[in-house]
Amino acid sequence: MTSSTRPKNELKQSPAKTSSNGFLSDVWTNFLRWNLKKLREPFVLVFALVEPLVFLVLFSQVFGQLAGPAVPDGDYLAYLVPAIIILSALITAAGSGTGFVQDIESGMFEKTLVSPMSRTAVFCGKVLSDLLLIMVPTLFVLSLGYVAGTPVTTGLLGIGGILGVALVFSVWFMSFSNILGVVTGSTRVTGIVTNLVQLPLLFASTAFVPVDALPGWLQIVSAGNPITYGVNAARTIMLSGWDWSVIGPSLGILGVLDLVLGGIAVYVLTRASSTAVW
């Protein structure tokens, strides 16, 4: 039977093929593609820089007088900088899933599904592109903190550590956002659900006030909140030093979340079909 007369269901078996370029090459191809898309939308980078600046000023003024006396040394700005870093990473991660929605709407997603590229490579390339974007506001906020008189006590190594915490923290929520984007195929639904999840988690954490200042039931919620682990790890590196009794468990828990939700995201991509996402 010639290729022109093959049944359509036989042609749909092409995703099972293996790319001749190799896994790393497929990751690199997807990484470049998503970065090129971001370069065509420079507002994304501008927003990534303006947003943390606005939040840093706003939250320092709103919570500074109320929570300032409860934080160590009463320096609320120093307490807030790591929280803004994690908040910026969270917001960028929340918007990650809309990229797949745009691909679905443009038809690019269907082309990806029938390509021989590894679904894991497709996902990893996109995640790495979003992680690169997260690095920009993280370094920007740390620079703002330094100018405002709140440097990282652990120096350049600590800056690298905080950057690493922000990246590890963001992958789990990035995966969640991408799962929503592929399953729903809707920018609106993806945005609503991610906001519905991230806002309660944010205010039920130690991002803006110490855990002792939270009501009893919120202290329990905060103890299992991923945002708390990200903020505590970044804050410890910035203000206290390399206390691995805090940093180690925090990164361990976030790493497990990354693997679980990342695995689900790859599974969803693998199972996806053009009919399922439409």
Side-chain angles (χ1 to χ4, degrees), residues 7-17 19 23 26-45 47-48 51 88-134 169-202 226 257-278:
K8 288 184 179 179
N9 61 346
E10 188 175 338
L11 290 174
K12 293 225 176 194
Q13 294 175 2
S14 58
K17 296 178 182 178
S19 172
F23 178 80
D26 288 345
V27 171
W28 179 250
T29 298
N30 282 277
F31 175 74
L32 288 180
R33 183 173 83 83
W34 288 106
N35 280 323
L36 287 173
K37 288 187 68 172
K38 289 182 175 68
L39 289 176
R40 296 190 188 105
E41 299 176 346
F43 177 75
V44 174
L45 181 58
F47 182 77
E51 185 180 54
S88 299
L90 184 70
I91 292 173
T92 301
S96 179
T98 60
F100 276 136
V101 176
Q102 292 170 355
D103 271 8
I104 291 171
E105 293 172 345
S106 67
M108 185 65 192
F109 189 73
E110 186 173 0
K111 295 177 182 177
T112 301
L113 290 177
V114 298
S115 74
M117 287 190 295
S118 162
R119 300 296 179 263
T120 305
V122 171
F123 175 70
C124 288
K126 187 176 189 307
V127 167
L128 288 174
S129 172
D130 291 329
L131 291 178
L132 182 62
L133 181 61
I134 287 174
F169 166 80
S170 63
V171 172
W172 70 275
F173 204 68
M174 207 176 288
S175 302
F176 176 68
S177 176
N178 283 315
I179 292 168
L180 287 175
V182 174
V183 171
T184 67
S186 168
T187 302
R188 189 171 187 177
V189 174
T190 301
I192 290 173
V193 175
T194 52
N195 282 327
L196 189 63
V197 172
Q198 69 178 335
L199 290 178
L201 284 178
L202 182 65
L257 279 175
D258 292 348
L259 290 175
V260 171
L261 286 171
I264 295 173
V266 172
Y267 173 79
V268 168
L269 280 172
T270 303
R271 297 288 296 174
S273 68
S274 57
T275 54
V277 294
W278 288 99

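By convention here, the first residue in the shown sequence is residue 1.
We find the OG-CG distance between S175 and L257 to be 9.5 Å, quoted to the nearest 0.5 Å. Between atom CG of residue L202 and atom CG of residue N195 there is a gap of 11.0 Å, rounded to the nearest 0.5 Å. Rounding to the nearest 0.5 Å gives a distance of 8.0 Å between CG of D258 and CG of L261. Here S88 contributes atom OG and F47 contributes atom CZ; the two are 9.5 Å apart, rounded to the nearest 0.5 Å. Between the CD1 atom in I179 and the OG1 atom in T184 there is a gap of 11.5 Å [rounded to 0.5 Å]. Note that CG of L32 is 10.0 Å distant from CG of L39, once rounded to the nearest 0.5 Å.
Across all non-hydrogen atoms, the minimal contact from V27 to C124 is CG2-CB, 4.2 Å. Residues F123 and A265 share a closest heavy-atom pair of CE1-CB, 3.6 Å. The minimum heavy-atom distance between E105 and T187, with the atom names listed, is OE2-OG1, 4.3 Å. The nearest pair of heavy atoms linking P226 to F169 is O-CE1, 3.6 Å. Considering all non-hydrogen atoms of both residues, D130 and T92 come closest at O-CG2, 4.2 Å. P200 and V197 get closest at one heavy-atom pair: CD-O, 3.4 Å.
Ion pairing between D103 and K126 fails under the 4.0 Å rule for side-chain N and carboxylate O.
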> Passes side chain to side chain contact (heavy atoms under 4.5 Å, CB included), V193 versus F176? Steps please.
Replying inline: CA-CA 10 Å; V193 175; F176 176 68; 4.0 Å; yes
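Residues K38 and L132 are not in side-chain contact: their nearest non-hydrogen atoms beyond the backbone lie 4.5 Å or more apart. Proximity of T190 to F100: side-chain heavy atoms (C-beta onward) are nowhere separated by under 4.5 Å. A 4.5 Å side-chain heavy-atom check between I264 and V260 finds at least one atom pair inside the cut-off.
Judged purely by atom type and a 3.5 angstrom limit, R119 uses its side chain to pair as donor or acceptor with the backbone of M117. Under the 3.5 Å distance criterion, the side-chain polar atoms of S177 are left unmatched by any main-chain donor or acceptor of F173.
Partners of S170 under the side-chain contact (heavy atoms from CB on, under 4.5 Å) rule, at least two apart in sequence or in another chain, are A89, A93, L131, I134, M174.
Remark: the S118 side chain and the D26 side chain contain no N/O donor-acceptor pair separated by less than 3.5 Å.
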